[in-house]
Amino acid sequence: MASPSTLYPRKVDLNNCDKEPIHILGKVQNHGVLLSCDPITLEILQYSENINEILGLQKQAVQNLSQLFEPSTIQFIQDNYTLEQSFPLDGHIGETAYIAIIHKNDDRLIVELEPVGVQIPQIFYQQQMTSIITELGRTETDLQMCDKAADLIRDFLGYDRVMIYKFDPQWNGEVVSEAKEEHLESWLGLHYPASDIPQQARKLFLKQGVRIIADVASTPVDVLPQLDPRLKQPLDLSRSELRAVSPIHIEYLTNMKVGATLTAAIVFNDTLWGLIACHHYSPKFINYQQRLSCKFLTEVFSSQLGMKSSNIELLKINSANVVRNKLVAQMSLKWDIVSGLCDHKVTMLDIAEATGGAIIIDGDIKLIGKTPSKEFVQHLSAWMAEQTKEDIFYTEHLCEVYPLAKTYQEVVSGVLQISISKIDKNYIIWFKPEKPKTVNWGGNPNKSVLIDSEARLSPRKSFEKWSEELSGSSSPWTDNEIAAIKALKSNISEIIVQKYEEVQLLNKNLEQAYKELQAFSYSVSHDLRAPLRGIDGFAQIIKEDYFEQLDEYGKNAIRTIINSTSKMNELIDDILSFSGLSQKQVNFNTFSMKNVVRDVLNFIQPAITYPHAIIKLQDDIPDAYGDTAMTFQILSNLIGNALKYTTDKKTPEISIGYDTKKSAYFVKDNGIGFDEKHKERIFGVFHRLVGKEFEGSGIGLAIVKRAIEKHDGFIEVKSILNQGTTFYFQLKKEQ
């Protein structure tokens, strides 16, 4: 059996703090009492030594949990202790009110007794929560959301400083948002080395979610006896609310002159993205109710942050897919890889944020953009091929691993090489330029540890801004860029190995790959509903159970949340419609265009929604050849836009008909119009030329264009600002 001295280091410093078993410290913070009990007999096996000081009880007088709680409470505990999550119970010991926080840990029942603390009136609490969720939902970018979250949580909890702290891939951290007292020095933009929050602490944040240190200067109390008398092991305090803090971390906070902290984990995709770090410069206790509220708000924040990231990733995937398919089409024109990648408007550089590149095929080198000399590229390529057995090699710190690159550092600090054929030594290379940057650290990261008078490594004492100039590095190669380049490599391999007579099969395979990516986009959009349901669900609960208790502001806030989720659902519907078009087969047939227009008008009901609009429908509109359902989508978007953008006119007019000169159907209005220099932009996803005064998702015209492309047709637009717009379109002509 291992002794306590081997289970927990007697002497912990920064030499071994990343291995410090902080979950078995054997101590708790002194503002509460911890009891470890047998879950069957309820016998108290271990207890914090402040039981007499806090509860006024001698341990010898309390041997069993049943001596502290009513029989009904004991029964409730025994019925629920096996739950995975902690649960709280209100109670009294003598005249003092406490909250008991209970959870199961292996074969033990852990009971923690904390002061009830300041209770927030229920109505005020509901108003605060509603307001915070509403404000977070109004932000448009992830940075705006972080800034808003820092402000709102500081207002909610009252800490002197609240920071949003983001981890990089090496677990260094950066303060990306901050809310603070005016007299405090700003730490916004400061970086902190990974050693400041070691890996075992990050793991505990993932488990616990929210963690407080009520008084940095207080002395923790021992859990007695040190080892469980039956299991002969230290008590695992991983999920303990009262768990004491590593002496190293206490010393770190003391050096920062911090008196109390609260830390909440920002998690999505089961990964620790960052932390909400709250600092107070005097002792501060946050009760369990407030900590649960903070945990809920952090989960809402994490969910919305993840949703915004998913939207961005979806757009990047679609954009890279469009570029890649264009490159494949160009290479397939004359079965010329070099020309297809370099000699057109869209080049290989567009698939990544690269400023230069090279193609090496059969010993010949083709350069594009800003590059080193051919001789250097040849030597660099040979060196990169030796560094890995994989088909791909990349780095954003080329000078560190290949010192000869120092000469070309400004042009080539990042490089990615992918092999087309290692046997023939054929490669494609992308170059990224140097991106010098100044990194501001919270203290000198090269002196993150100090040797004290006892020759012990301890945390640094200065956290003043320390600037470091970084050179020789480029922007990193993102997962999207690497995936797109790998997919391009696969396409090139197919082009090389296929013979001319297999052109049709090759095109079919590429088309299938495109469909799979579109299906993936559709799936991502569909899964965006999950976090939205949670927000809407909580709002509906508040409305159903507490609506009449709210003042008018609170009621409006609830309505705003529900309306916003409804609008977001509509946006997701539009995204799904757009993605779904790529998978839908066109069902060609001859049909009456005039009847479809009438069906659309019956669906929109302009007489009700736009009573002043005058709609002119040409009598002799010719029949069309195409997919009736897709045509309905095309017309509903075009006519709907025409009605929407003429509402400011005294006499709104919309004309629908067929232009014989253009051999095209048209939808014409006398609305707000636009500058024709934007006529290509309007067909892009989420591209809108108007503000919030006109509702819409920015996807309607993208759906129109996609549907017409599925017909091999065309669409064009003519517009004059403040005078009106005309859309002309034609479906596939009957053969």
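Basis for what follows: all heavy atoms, side chains included, without hydrogens, waters or symmetry-related copies. Computed from a predicted model, the values in this text were never measured in an experiment.
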Between [X] and [Y], what is the shortest heavy-atom contact and its length?
X: Pro193; Y: Asn172; value: CA-OD1, 3.4 Å
X: Thr298; Y: Ala265; value: CG2-O, 3.1 Å
X: Leu262; Y: Cys294; value: CD2-SG, 3.8 Å
X: Ile286; Y: Leu157; value: CD1-O, 3.9 Å
X: His280; Y: Val258; value: O-CG1, 3.5 Å
X: Leu34; Y: Ser240; value: CD1-OG, 3.8 Å

- Query: Is the distance between the ring centroids of Phe87 and Phe76 under 6.0 Å?
  - Reply: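 Under 6.0 Å, so yes.
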
Sequence-distant partners of [X], side chain to side chain donor-acceptor pair (under 3.5 Å), two or more places apart:
X: Asp155; result: none
X: Asn30; result: none
X: Glu43; result: Arg230
X: Asp142; result: none

Residues that [X] engages under side chain to side chain contact (heavy atoms under 4.5 Å, CB included), provided they are two or more places apart:
X: Ile541; value: Asp545
X: Asp151; value: Ala179
X: Pro88; value: Ile99, Tyr288
X: Asp551; value: Gln127, Tyr553

- Task: Kindly say whether Leu42 contributes a backbone atom to a donor-acceptor pair with the side chain of Gln78 at under 3.5 angstrom?
- Result: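 Judged by distance alone, no pair lies under 3.5 Å.
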
- Query: Is the side chain of Arg243 donor-acceptor paired with the backbone N or O of Arg211 at a distance under 3.5 Å, no angle test?
  - Reply: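 Judged by distance alone, no pair lies under 3.5 Å.
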
Taking C-beta and beyond as the side chain, do [X] and [Y] meet within less than 4.5 Å on heavy atoms?
X: Ile197; Y: Phe205; value: yes
X: Asn287; Y: Glu114; value: no
X: Ile153; Y: Phe301; value: no
X: Met163; Y: Lys180; value: no
X: Leu65; Y: Leu109; value: yes
X: Ile133; Y: Phe296; value: yes
X: Glu251; Y: Ser246; value: no
X: Ser177; Y: Leu143; value: yes

Listed by chain and number, what are the salt bridge (Lys or Arg N to Asp or Glu O under 4.0 Å) partners of [X], not counting sequence neighbours?
X: Asp228; result: Arg108
X: Glu241; result: Arg291
X: Glu178; result: Arg161
X: Glu181; result: Arg154

- Message: Please check if the number of heavy atoms outside Lys166 that lie under 6.0 Å from its NZ is greater than 12.
- Response: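 No, not enclosed.
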
- Query: When you look at CD of Glu70, are more than 12 heavy atoms from neighbouring residues, nucleotides or ligands closer to it than 6.0 Å?
  - Reply: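 At most 12 heavy atoms, drawn from other residues, nucleotides or ligands, come within 6.0 Å of this atom.
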
- Look at the aromatic rings of His249 and Tyr252 and report parallel, tilted or perpendicular, splitting at 30° and 60°.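 Geometry flag for Tyr252 against His249: parallel rings.
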
- Could you label the plane-to-plane angle of the Tyr192 and Tyr165 rings as parallel, tilted or perpendicular, counting under 30° as parallel and over 60° as perpendicular?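 Ring orientation of Tyr192 relative to Tyr165: tilted.
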
- Among Leu272, Leu305, Leu275, which residue meets the side-chain contact (heavy atoms from CB on, under 4.5 Å) test with Ile266?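 With Ile266 as partner, side-chain contact (heavy atoms from CB on, under 4.5 Å) holds for just one option, Leu305.
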
- Query: Given Val62, which of Ile44, Asn52, Leu35 fulfils the side-chain contact (heavy atoms from CB on, under 4.5 Å) condition?
  - Reply: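 In the set Ile44, Asn52, Leu35, the residue that makes a side-chain contact (heavy atoms from CB on, under 4.5 Å) with Val62 is Ile44.
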
- Query: Taking atom types as modelled, is there a side-chain donor on Gln226 or Asp222 under 3.5 Å from an acceptor on the other?
  - Reply: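 There is no such pair (donor and acceptor under 3.5 Å, judged by atom type) between the side chains of Gln226 and Asp222.
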
- Task: Go through the side-chain N and O atoms of Asn480 and Thr478 and say whether any donor and acceptor fall under 3.5 Å apart.
- Result: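 Note: Asn480 and Thr478 side chains miss the donor-acceptor criterion.
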
Once you round to the nearest 0.5 Å, how far does [atom1] of [X] lie from [atom2] of [Y]?
X: Asp147; Y: Leu152; atom1: CG; atom2: CG; result: 10.5 Å
X: Leu292; Y: Lys295; atom1: CG; atom2: NZ; result: 7.5 Å
X: Leu68; Y: Ile74; atom1: CG; atom2: CD1; result: 7.5 Å
X: His31; Y: Leu113; atom1: NE2; atom2: CG; result: 11.0 Å
X: Arg202; Y: Leu204; atom1: CZ; atom2: CG; result: 11.5 Å
X: Tyr281; Y: Lys257; atom1: OH; atom2: NZ; result: 10.0 Å

